[in-house]
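The basis for the numbers below is simple: all heavy atoms, side chains too, and nothing from hydrogens, waters or symmetry mates.
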Amino acid sequence: MNKIFLSAIIVLTTLIFVQAAETQKQPAAGTPAPDFSLTTSDGSQISLKDYRGKWVVLYFYPKDFTSGCTLEARNFQRDLAKYEQAGAVVLGVSVDTAQSHKDFCAKEGLNFKLLADADAKVSIDYGSVMDYKGEKLAARNTFIINPQGEIAKVYTGVKPADHSEQVLKDLAELKKS
């Protein structure tokens, strides 16, 4: 019985360390943001370098049409004019297809770009991938990227309800410095 208990403790501890190690793979503030080229909800291709000279809010989310992801997207949409006034662009990334993003944008009235990371390569580059029931999904993390293409702020384990407001506050502070 003690061996089973001890084995369970070891397995749980290992899982905690593996999960913690995965959360530390995000690019750090002050480092260059990994470049990418992805398909948008309208079928066009964009790259991060297309936004050089602008502030970019790059947010990763698990899945279109789910409750938390819908709430987060609606809040970014609600605050979109404030982001535009701040000279920032909002880009959402998940492993969903461009068609799924197109349908999600149409249903929710989203006017910012959602990017299809079908092979999860960009999610991996940003340390924002998780395994859910054997399927790779984007983890809910956000990065503010400055006009020089560097990571300015990293958010992990984001709570969708008040995230957009926090990003706006932090963006205002970052622009001051």
K107 atom NZ, neighbour heavy-atom count above 12 within 6.0 Å: no

Pairwise side-chain contact, F143 with P27, heavy-atom cut-off 4.5 Å (strictly under): yes

Verdict with supporting geometry, T70 and F104, side chain to side chain contact (heavy atoms under 4.5 Å, CB included): CA-CA 9 Å; T70 299; F104 187 48; 3.5 Å; yes

salt_bridge(K121, D117) N-O dist < 4.0 Å: no

hydrophobic_cluster_shared for V167 and L114, side chain cutoff 4.5 Å: yes

Where K102 and S41 come nearest, the two heavy atoms and their spacing: CB-O, 3.3 Å

L91 vs I46 side-chain heavy atoms within contact, under 4.5 Å: yes

Value rounded to 0.5 Å, distance of CG in L137 from OG in S123: 9.0 Å

Pair Y61, T66: side-chain N/O donor-acceptor within cut-off below 3.5 Å: no

Nearest non-hydrogen partners of I151 and A28, listed with the distance: CB-O, 3.5 Å

Validation row: V89, F112 side chains within 4.5 angstrom (heavy atoms): no

4.5 Å side-chain heavy-atom contact, F65 and E108: no

Candidate pair Y155 and I144, rule side chain to side chain contact (heavy atoms under 4.5 Å, CB included), full reasoning: CA-CA 9 Å; Y155 305 84; I144 297 177; 3.5 Å; yes

Backbone N/O of S164 and side chain of Y59: donor-acceptor pair under 3.5 Å: no

Short side-chain donor-acceptor distance under 3.5 Å, N141 and S128: yes

Between CD on residue E135 and NZ on residue K63, distance to nearest 0.5 Å: 5.5 Å

For the student: nearest non-hydrogen atoms of T39 and A98, plus distance: CG2-CB, 3.9 Å

Nearest-0.5 Å distance that lies between atom OG1 in T142 and atom CD in E72: 5.5 Å

Heavy-atom side-chain proximity of F36 to L115 below 4.5 angstrom: yes

Side-chain donor or acceptor of S100 paired with backbone N/O of T97 under 3.5 Å: no

Chi angles and distances behind the side chain to side chain contact (heavy atoms under 4.5 Å, CB included) call for V122, F60: CA-CA 10 Å; V122 176; F60 291 83; 4.1 Å; yes

Rounded distance (nearest 0.5 Å) linking atom OH of Y83 with atom CD of Q77: 11.5 Å

Side-chain donor-acceptor contacts of residues 51-58 below 3.5 Å, not counting sequence neighbours, with atom names and distances?
none

Separation of T40 OG1 from Q45 CD (nearest 0.5 Å): 8.0 Å

Side-chain heavy atoms of S94 within contact of H101, under 4.5 Å: yes

Side-chain donor/acceptor of S47 to backbone N/O of K49, under 3.5 Å: no

Within-4.5 Å side-chain heavy-atom neighbours: D119 and K136: no

Cluster overlap I124 with Y126, hydrophobic side-chain contacts below 4.5 Å: no

Residues E165, K82; criterion salt bridge (charged side-chain N to carboxylate O under 4.0 Å, His left out); working and verdict: CA-CA 10 Å; E165 290 125 343; K82 293 176 186 173; over 6 Å; no

Working for side chain to side chain contact (heavy atoms under 4.5 Å, CB included), residues D103 and D64: CA-CA 9 Å; D103 296 343; D64 292 340; over 6 Å; no

Exercise: identify the closest heavy-atom pair between A29 and V154: N-CG2, 4.3 Å

Considering all heavy atoms, the nearest P160-N75 contact: O-ND2, 3.5 Å

Minimum heavy-atom distance A138-M130, with the two atoms named: O-CE, 3.8 Å

Hphob cluster co-occupancy, F76 + L71, side-chain heavy atoms under 4.5 angstrom: no

Test item: H163 and R140 side chains (from C-beta on) under 4.5 Å apart, heavy atoms: no

No-hydrogen, no-angle side-chain donor-acceptor test under 3.5 Å, Q166 and D162: no

